[in-house]
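Each remark here refers to the structure printed beneath this line.
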Amino acid sequence: MVSDEQLEALAEMFESGEWPAGETRIVRGRPLKLGEELTSVTFKIPRRELTEMDARAKDEGISRSDYLRRLVACDLMTA
């Protein structure tokens with residue numbers, strides 16, 4: 001967690017041109033998940049399976065996408 005004092009000090013450094021060297025590029029959008037660009041995959045399943053899958057993901061406390069990524073990763077590791 002960053003305190004208000006730390007934020008003020010960083011803002012002063014930036015505004016005075018004393019920003020530390022390193023990555024300063026601003027990237028729009030959500031940060032990369034899993035360290036690389038993701039690609040959308042679309043497929044169709046019966047509505048009943050979708051409902052069950054969403055319930056399972058919710059029980060795990062994860063999104064549908066994370067649930068599917070986990071299933072694919074497990075399958076690929078055992079292939």
Side-chain angles (χ1 to χ4, degrees):
M1 188 169 307
V2 180
S3 69
D4 289 339
E5 292 80 20
Q6 291 170 315
L7 287 175
E8 287 298 323
L10 289 171
E12 287 177 24
M13 285 175 57
F14 181 77
E15 290 167 359
S16 68
E18 298 175 21
W19 195 249
E23 182 69 37
T24 58
R25 181 175 55 101
I26 296 174
V27 178
R28 295 187 186 272
R30 297 178 78 173
L32 295 179
K33 192 166 199 162
L34 308 174
E36 60 184 287
E37 186 176 342
L38 301 180
T39 302
S40 293
V41 176
T42 304
F43 65 98
K44 294 182 180 186
I45 61 173
R47 186 175 303 275
R48 175 190 53 76
E49 288 180 0
L50 177 63
T51 301
E52 291 174 10
M53 180 177 60
D54 284 344
R56 184 91 167 109
K58 184 177 180 182
D59 289 346
E60 296 289 322
I62 59 177
S63 68
R64 179 192 297 167
S65 293
D66 284 336
Y67 178 78
L68 290 170
R69 277 191 285 273
R70 183 188 294 176
L71 290 176
V72 171
C74 285
D75 180 68
L76 293 175
M77 285 191 314
T78 60

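Atom CG of residue D66 and atom CG of residue L71 lie 11.0 Å apart, to the nearest 0.5 angstrom. Atom-to-atom distance recorded for E12:CD and L7:CG is 11.5 Å, nearest 0.5 angstrom.
Side-chain heavy atoms closer than 4.5 Å link hydrophobic residues (I, L, V, M, F, W, Y) into clusters, and following such links, even through other members, never connects M53 to V41.
Every residue two or more places apart in sequence or in another chain that forms a side chain to side chain donor-acceptor pair (under 3.5 Å) with R48 is listed here: E52. Remark: L76 pairs with V72 by the side chain to side chain contact (heavy atoms under 4.5 Å, CB included) rule, at least two apart or across chains. Listed by chain and residue number, S3 satisfy the side chain to side chain contact (heavy atoms under 4.5 Å, CB included) test with E5 (two or more places apart in sequence, or in another chain). For E60, the side chain to side chain contact (heavy atoms under 4.5 Å, CB included) partners two or more places apart in sequence, or in a different chain, are R56, I62, R70.
Considering all non-hydrogen atoms of both residues, A57 and S63 come closest at CB-O, 3.9 Å.
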